[in-house]
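To find a chain, count down the sequence lines: A is the first, B the second, and so on, and within it residues start at 1. No experiment lies behind these values; they were computed from the predicted model shown.
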Protein chains: 2
Amino acid sequence: MPQQRARLRLIDVAERAGVSIAAASRALSGSAGVSDAIAERVREVAAQMGYVANVHARTLAGGASTSVGLLVHEIGDPYFTEIASGVLRVGAQQGLTVQICHTGRDPENELVQVRTLIANRVRAIIIAGSGFVDARTQASVKQDLQAFQETGGRVAVIGRHHLGTDAVLPDNTAGGRSITEHVLSLGHRQIAFVAGPRTLTTVADRLAGAAQALEAAGLSIEDIPVIEEAFTREGGTQAMQRVLDDHPDVTAVIALNDDMAIGVLAALRARGMAVPKDISVAGFDDVAVAEHLSPALTTVRLPMAEMGEQALLLALKQPSARPRRRTTTHSLVVRDSTAPPPRPKR
Amino acid sequence: MPQQRARLRLIDVAERAGVSIAAASRALSGSAGVSDAIAERVREVAAQMGYVANVHARTLAGGASTSVGLLVHEIGDPYFTEIASGVLRVGAQQGLTVQICHTGRDPENELVQVRTLIANRVRAIIIAGSGFVDARTQASVKQDLQAFQETGGRVAVIGRHHLGTDAVLPDNTAGGRSITEHVLSLGHRQIAFVAGPRTLTTVADRLAGAAQALEAAGLSIEDIPVIEEAFTREGGTQAMQRVLDDHPDVTAVIALNDDMAIGVLAALRARGMAVPKDISVAGFDDVAVAEHLSPALTTVRLPMAEMGEQALLLALKQPSARPRRRTTTHSLVVRDSTAPPPRPKR
DNA sequence: ATGAAAGCGCTAACAC
DNA sequence: GTGTTAGCGCTTTCAT
């Protein structure tokens, strides 16, 4: 192996420019204390030599960290994909590098990843996705995050509360109410919910909104089937199979996220049921493909990319004494997968 | 602000464990030269104190870098999402942090991002996605990558050649041949291709395979419409509109990636054409939603996640004198969007 | 405005 | 096996 000592250092460009290493540093990092003439020259020489400062040395020496961390359950989940896209966008725009980690929906792993990010001295950590209810690891995470913040690190979460940090919160409750009202207004009374584990705050909140809408219509969520499966496409399929088997009278299904709704649609197709003729289906999130499904999915739009942007922007601000909250907008998007219920067969 | 000096250092755990800083370092980094007893004790103390080594200091001091970079056009594109998922998976498994950057399909920006990654002294850079034909910036990228490799960095690319590095290459040509053969075997003769810019190697290769299949059937790609638009969903919609307007006799459309196929389906739906009854549609890639579209999309499956995994694994291996190539498998996935052509109307 | 020099926290020689 | 120490490449006082 040849290598390793070829890389340019600050001193190389300083020498070439005929100035001290200190001056060169100031010129390149844009700090004050150099004449414009020198600054200009140094930058020229550096560009010409193709010099790029070593981020590790820079950070170690006291410069602010130039990277941020993003924690998602799984980047392949379209909800997180779009959030990541937003985070990446503002990261690039601010000259920050973004490190993305999977938690794989595993609390233990979430803790490991948080620690890795802290070890990397990232400037900020963005945590996306519902929290878990594993009290023990959650406490550890909270504690580590606390320490991280005390030493100058910044944290923002998306879609979860209870971590004592700045947060971007989709209005899941209002959204849940909204989509449920829509389905009710169509005339449906035999409704089923296809949900992820209630222990996810996202699920709990959306369900709470649904309960409000039902109540206003004189119904009680207690009397309505809420099928819990994994908060994924496969979970949606399984849940829908259960609905079909156990509640054949259902005329409308509300899935608590689009991914599950896609699974629901698949299950229905497999059973030869027409949507929305035989049964209506609604989702939640409005992921990019929702409008391209067939039938195009009625859902609640959440500005996911924007949520990612907001979260990073929030984290980059001066810390405030009390955690800040940003509640995002949501809007009902009615497409082709919902319609009035079929006339009762009897 | 309180902060900043609270963070634990190696010396803190060394003192607490009653050993030298060197011993502590060895214990924690797992190098040889410490008795098991001491190693154990140090690790215990560190864990108990919640110490995590500063990655920047560690890397600067000569330890190998613990992060890798991944360059994608746009993480929201499902093709890249799945590749990223694979890269993240093996990254986590190897204890490596993954920095993801968007190029936004912009050559200038690609160069900027490559330089950022190099400045971060990542251990390896994975570049996913077709190359551009902007000769000038491509040359700069190649040159920077060259220098990076000479100083010990590793590089692997996915789906592009011509960069003189290790590469994971989907067999686009064979795939293009395969999907075209399928459509021909159904009896279609009035075919159109919906493609991204031919300047993308991916597009060129897939088209080359299609040409082979057509030729074997006694047709020439010269006589067949190849509509070029952006290699995206929107591009697919626009291209399909052009096909409908300019080539009304077409009975089958082959989109050169699934994202475009989704756009094609949308255009067809808007025009009230039934798939596959009136017209057949095929895609390429088999992204996760392909099977959930309606009709479920006939396409060529590429193991995207696995390609991401392979690329990182390749990059992490000992460098070889000559660039290595891994050609991936592909398989035709026939679903519901293709069928024999309708009987001629005339 | 400019330069000399003291670290940042760690690893890797190098002694013992 | 263990400890001492010289850097890694940079930013930042602190003199000048």
Side-chain angles (χ1 to χ4, degrees), chain A residues 3-43 46 49-67 118-123 151-153, chain B residues 3-43 46 49-67 118-123 151-153:
Chain A
Q3 78 199 63
Q4 288 305 28
R5 189 66 310 97
R7 209 159 263 160
L8 285 77
R9 289 157 315 167
L10 181 55
I11 194 168
D12 298 322
V13 351
E15 274 173 3
R16 183 87 91 91
V19 299
S20 77
I21 172 178
S25 167
R26 290 192 264 255
L28 293 176
S29 65
S31 344
V34 234
S35 62
D36 291 354
I38 287 193
E40 178 85 3
R41 178 148 45 94
V42 170
R43 276 193 284 263
M49 297 174 79
Y51 169 81
V52 235
N54 182 323
V55 169
H56 298 297
R58 184 172 265 188
T59 306
L60 184 57
S65 164
T66 55
S67 72
I118 293 178
N120 275 276
R121 300 297 188 268
V122 293
R123 188 184 298 181
T151 57
Chain B
Q3 80 197 61
Q4 288 307 26
R5 187 69 309 96
R7 209 157 264 160
L8 285 75
R9 289 156 315 165
L10 181 55
I11 193 167
D12 298 323
V13 352
E15 274 172 3
R16 183 87 92 92
V19 299
S20 75
I21 173 180
S25 167
R26 289 191 267 255
L28 294 175
S29 64
S31 346
V34 233
S35 62
D36 292 354
I38 287 193
E40 177 85 4
R41 177 147 46 94
V42 171
R43 275 193 285 263
M49 298 174 78
Y51 168 81
V52 235
N54 182 322
V55 169
H56 299 297
R58 186 173 262 188
T59 305
L60 186 56
S65 163
T66 56
S67 73
I118 293 177
N120 274 277
R121 301 297 189 268
V122 294
R123 189 185 300 184
T151 58

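The residue B:S35 sits close only to the backbone: its heavy atoms come under 4.0 Å of sugar-phosphate atoms, none of a base. Here B:A22 lies in heavy-atom contact (under 4.0 Å) with a base.
Place B:G62 and B:I38 on DNA chain D by their nearest nucleotides, and B:I38 ends up nearer the 5' end. Residue whose closest nucleotide on DNA chain C sits further toward the 5' end, between A:S20 and B:S29: A:S20.
Residues A:S65 and A:T59 approach most closely at CA-CG2, 4.0 Å, considering heavy atoms. Between A:N120 and B:H56, the closest heavy-atom pair is O-NE2, 3.0 Å. Pairing each heavy atom of A:A53 with each of B:R121, the nearest pair is O-NH1, 4.4 Å. Between A:A23 and A:V34, the shortest heavy-atom contact is O-CG1, 4.0 Å.
A:L28 has its side chain within reach of A:L10: a pair of non-hydrogen atoms, C-beta onward, lies under 4.5 Å apart.
Atoms CG (B:D36) and C1' (D:dT2) sit 15 Å apart, rounded to a whole Å. Spacing between atom CG of A:D12 and atom P of D:dC10 amounts to 9 Å, rounded to whole angstrom units. Rounding to whole angstrom units, CD of residue B:E40 and P of D:dT2 are separated by 14 Å. Per the geometry, CZ belonging to B:R9 stands 8 Å off C1' belonging to C:dG9, to the nearest Å. Atom P of nucleotide D:dG1 and atom CD1 of B:I21 are separated by 20 Å, given to the nearest angstrom. B:L10 places its CG atom 20 Å from the P atom of D:dC8, with the value rounded to the nearest Å. For the pair B:R121 CZ and D:dG9 P, the computed distance is 8 Å after rounding to whole Å. When the P atom of D:dT11 is taken as reference, atom CD1 of A:I11 falls 13 Å away, rounded to whole Å.
Side chain of B:R43 to main chain of B:A27: a donor-acceptor pair is present (N/O by atom type, distance under 3.5 Å, no hydrogens or angles). Of the possible donor and acceptor atoms, one in the side chain of B:R41 sits under 3.5 Å from a partner among the backbone N and O of B:A17.
Contact check, A:Y51 against D:dG9: no side-chain N or O comes under 4.0 Å of OP1 or OP2.
Side-chain N/O atoms of A:R26 and base N/O atoms of C:dG3 include a donor-acceptor pair closer than 3.5 Å.
In the region residues 52-61 of chain B, proximity to DNA chain C at under 4.0 angstrom, judged on heavy atoms, holds for B:A53, B:N54, B:A57, B:R58, B:A61.
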